[in-house]
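The block underneath contains the structure these notes are about, expressed in structure tokens.
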Protein chains: 2
Amino acid sequence: MDHKPIPDIVVGRLPLYLRSLQRMIKEGNLVTSSQELGERLGISAAQIRKDLSQFGEFGKQGTGYDVEYLHDQLKIILKVNRVWDMAVIGAGDIGSAVARYQGFADRGFRVAMIFDNDPVKIGAQVGDFIVKDKATMVEVVQAAGIIVAMIAVPASQAQHVADNLVKAGVKAILNYAPVSLNVPEDVHVQHTDPVTHLQRMTYYLE
Amino acid sequence: MDHKPIPDIVVGRLPLYLRSLQRMIKEGNLVTSSQELGERLGISAAQIRKDLSQFGEFGKQGTGYDVEYLHDQLKIILKVNRVWDMAVIGAGDIGSAVARYQGFADRGFRVAMIFDNDPVKIGAQVGDFIVKDKATMVEVVQAAGIIVAMIAVPASQAQHVADNLVKAGVKAILNYAPVSLNVPEDVHVQHTDPVTHLQRMTYYLE
DNA sequence: TAGATTGTTAATCGATTAACAATC
DNA sequence: TAGATTGTTAATCGATTAACAATC
């Protein structure tokens with residue numbers, strides 16, 4: 001009677017649907033369809049319906065989807081109908097930009113603390129935060145019960161930081177350093193590296 | 001006698017291979033194998049061999065791949081055996097961090113100019129650059145022959161900026177704004193949104 | 001030579017699309 | 001009712017994996 005697990009590739013598209021729906025709400029759209037969503041995102045209507053059908057029935061034949069209802073349901077599915085506290089490791093340019101980023105608030109996340117190991121940066125203010133000493137990271141993150149973190153340190157330190165985050169109990173890591181991280185099976189990692197995205201495009205240029 | 005086009009998903013993995021190889025060079029590794037690469041990246045050895053075989057034969061039976069040779073070949077395939085000048089649009093926290101980012105240099109890219117429409121920012125220094133007036137963007141980008149750009153403006157302005165970049169002749173856009181962009185078929189877009197990555201992971205948490 | 005690893009083929013697996021009955 | 005759009009099934013398409021001859 002076990003349900004098949006949802007394919008990861010489907011889960012990966014849900015945040016895109018959610019983002020479009022959030023935008024539609026702001027634009028005042030009350031109703032949408034798989035076709036309209038698909039056009040906005042460059043995804044086929046059939047695929048959107050198939051993806052959503054993995055989680056339930058959210059639409060109405062003939063009329064489509066209630067924007068706000070589908071939006072709320074996707075937030076529940078993705079568990080962002082609450083706010084996740086995050087730790088940022090590294091207070092350089094990227095870490096600082098992340099700590100000041102205003103785009104987390106209404107999408108389920110909040111930066112709660114930021115760490116660095118540079119004595120000049122420790123104690124300094126970045127956005128609303130005082131930079132904490134990275135030496136205290138494992139203890140502080142664990143004590144705060146934080147399980148989501150972002151790595152914004154140089155590539156050479158990233159794996160070491162990841163190991164410490166795992167020790168602290170972190171289960172989801174967004175990695176800004178341009179290296180692949182090795183973590184235990186129960187820890188999730190996403191990589192974000194502008195250069196890999198750019199290189200993917202230059203292949204097609206000229 | 002036409003070759004089938006290389007699947008996009010394969011092209012998307014090449015930058016990861018390249019990144020690992022660059023790291024191996026720094027570590028002094030002279031030779032690697034599909035198995036070792038796969039372990040580093042969490043990709044099967046068979047897939048790596050299959051991917052590479054789309055472009056030629058780069059290895060030697062029994063011994064594997066010469067790290068530097070494969071690295072150089074991948075740079076050629078991805079067209080990053082040269083330096084692409086880029087324009088950054090938006091001199092806020094993200095645009096500024098991007099403009100100062102040291103990680104482009106040895107991977108085929110260089111920020112050449114940065115634009116904003118805020119009178120307070122225009123003329124100010126960000127990294128090595130003086131912020132230019134966004135009103136001049138189409139003209140300046142076109143005159144410089146730049147075809148790679150990064151959008152780091154608020155979501156509400158991103159589509160408009162994209163339209164202007166297309167007018168300026170840009171063919172590859174890395175978009176930091178959390179919106180889907182619509183561009184002509186011959187223009188490539190990659191999106192980078194920390195929140196979509198995070199939401200992809202929270203699905204699995206708790 | 002013996003051991004290792006490639007490049008490639010065929011088999012498997014999974015994802016996308018097309019089509020349509022159901023129904024608002 | 002007529003028109004529109006869902007949810008779902010079956011068909012298609014494409015990607016991954018397993019296996020192995022070739023060969024360094």
Side-chain angles (χ1 to χ4, degrees), chain A residues 2-18 20-21 24 29-74 77 180 200 203, chain B residues 2-18 20-21 24 29-74 77 180 200 203:
Chain A
D2 260 340
H3 293 289
K4 280 210 189 112
I6 309 289
D8 190 55
I9 197 164
V10 173
V11 174
R13 280 191 293 260
L14 298 187
L16 303 179
Y17 303 161
L18 178 55
S20 278
L21 290 162
M24 286 177 183
N29 289 12
L30 298 179
V31 170
T32 189
S33 64
S34 57
Q35 195 184 6
E36 187 189 28
L37 258 175
E39 275 164 19
R40 291 203 177 210
L41 291 167
I43 292 176
S44 80
Q47 179 157 86
I48 290 174
R49 293 202 301 279
K50 189 101 208 288
D51 285 354
L52 295 177
S53 76
Q54 304 256 19
F55 301 94
E57 307 189 356
F58 305 106
K60 220 185 279 188
Q61 283 101 325
T63 62
Y65 301 92
D66 180 288
V67 169
E68 197 165 325
Y69 177 71
L70 183 54
H71 169 266
D72 291 349
Q73 291 301 306
L74 286 178
I77 292 165
S180 292
R200 218 184 149 132
Y203 171 80
Chain B
D2 259 341
H3 293 290
K4 283 215 187 105
I6 310 289
D8 190 56
I9 197 163
V10 173
V11 174
R13 281 190 292 260
L14 298 187
L16 303 179
Y17 303 161
L18 178 56
S20 277
L21 289 162
M24 287 177 182
N29 290 13
L30 298 179
V31 169
T32 188
S33 64
S34 56
Q35 195 183 7
E36 187 189 27
L37 258 175
E39 274 165 18
R40 290 203 178 210
L41 291 166
I43 292 176
S44 81
Q47 178 156 87
I48 289 174
R49 294 202 301 279
K50 188 101 209 288
D51 284 353
L52 294 177
S53 76
Q54 304 257 20
F55 301 93
E57 306 190 355
F58 306 106
K60 221 184 280 188
Q61 284 101 324
T63 63
Y65 301 92
D66 180 288
V67 169
E68 198 166 324
Y69 177 71
L70 183 54
H71 168 265
D72 291 349
Q73 291 300 308
L74 285 178
I77 292 166
S180 292
R200 220 186 149 131
Y203 171 80

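Keep in mind that the numbers below use all heavy atoms, side chains included, and drop hydrogens, waters and symmetry copies. The chains referred to below are lettered A, B, ... by the order of the sequence lines, with proteins before strands, and numbering in each begins at 1.
Residues from residues 48-65 of chain A lying near DNA chain D, meaning a heavy-atom separation below 4.0 Å, are A:Arg49, A:Lys50, A:Ser53, A:Glu57, A:Phe58, A:Gly59, A:Lys60, A:Gln61, A:Gly62, A:Thr63, A:Gly64, A:Tyr65 in numerical order.
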### Query
What do the steps show when you test B:Lys50 against B:Val10 for side-chain contact (heavy atoms from CB on, under 4.5 Å), and what is the final call?
CA-CA 9 Å; B:Lys50 188 101 209 288; B:Val10 173; over 6 Å; no
### Task
Given side-chain contact (heavy atoms from CB on, under 4.5 Å), test A:Leu74 with A:Phe55 step by step and report yes or no.
CA-CA 9 Å; A:Leu74 286 178; A:Phe55 301 94; 5.9 Å; no
### Task
List the steps and the verdict of side-chain contact (heavy atoms from CB on, under 4.5 Å) for B:Val67 and B:Leu21.
CA-CA 6 Å; B:Val67 169; B:Leu21 289 162; 4.1 Å; yes
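Computed from coordinates, the B:Asp66 CG to C:dT5 P distance equals 15 Å when rounded to whole Å. One can place CG of B:Leu70 at 10 Å from P of C:dT6, the figure rounded to the nearest angstrom. We find that CD1 of B:Ile9 is positioned 11 Å from C1' of C:dG14, with the value rounded to whole Å. Rounded to a whole Å, the CD atom of A:Gln73 is 16 Å from the C1' atom of D:dT6. Computed from coordinates, the A:Gln35 CD to D:dG3 C1' distance equals 14 Å when rounded to whole Å. Regarding A:Leu41, its CG atom lies at a distance of 14 Å from the P atom of C:dT16, rounded to whole Å. Whole-Å rounding puts the B:Gln47 CD to C:dT6 P distance at 15 Å.
Between A:Tyr65 and A:His71 there is no side-chain heavy-atom pair separated by less than 4.5 Å. Here the side chains of B:Ile43 and B:Asp51 are not in contact, with every heavy-atom distance at 4.5 Å or above.
Remark: A:Leu16 CG to A:Leu41 CG distance equals 6.0 Å, nearest 0.5 Å. Distance check, rounded to the nearest 0.5 Å: CG of B:Leu70 to CG of B:Leu37 gives 7.0 Å.
Under a 4.0 Å N-O distance rule, the pair B:Arg200/A:Asp8 qualifies as a salt bridge.
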### Message
If a pair means Watson-Crick or G-U wobble with both distances below 3.5 Å, what does DNA chain D look like in dot-bracket form, with | marking bases paired to a different strand?
### Response
..||||||||||||||||||||||
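Using cut-offs of 30° and 60° on the angle between ring planes, the pair A:Tyr69 and A:Phe58 is tilted.
The 5' end of DNA chain C is approached more closely, in terms of each residue's nearest nucleotide, by B:Thr32 than by the other of B:Thr32 and A:Pro7.
Residue A:Ser34 places at least one side-chain N or O closer than 4.0 Å to OP1 or OP2 of D:dT6.
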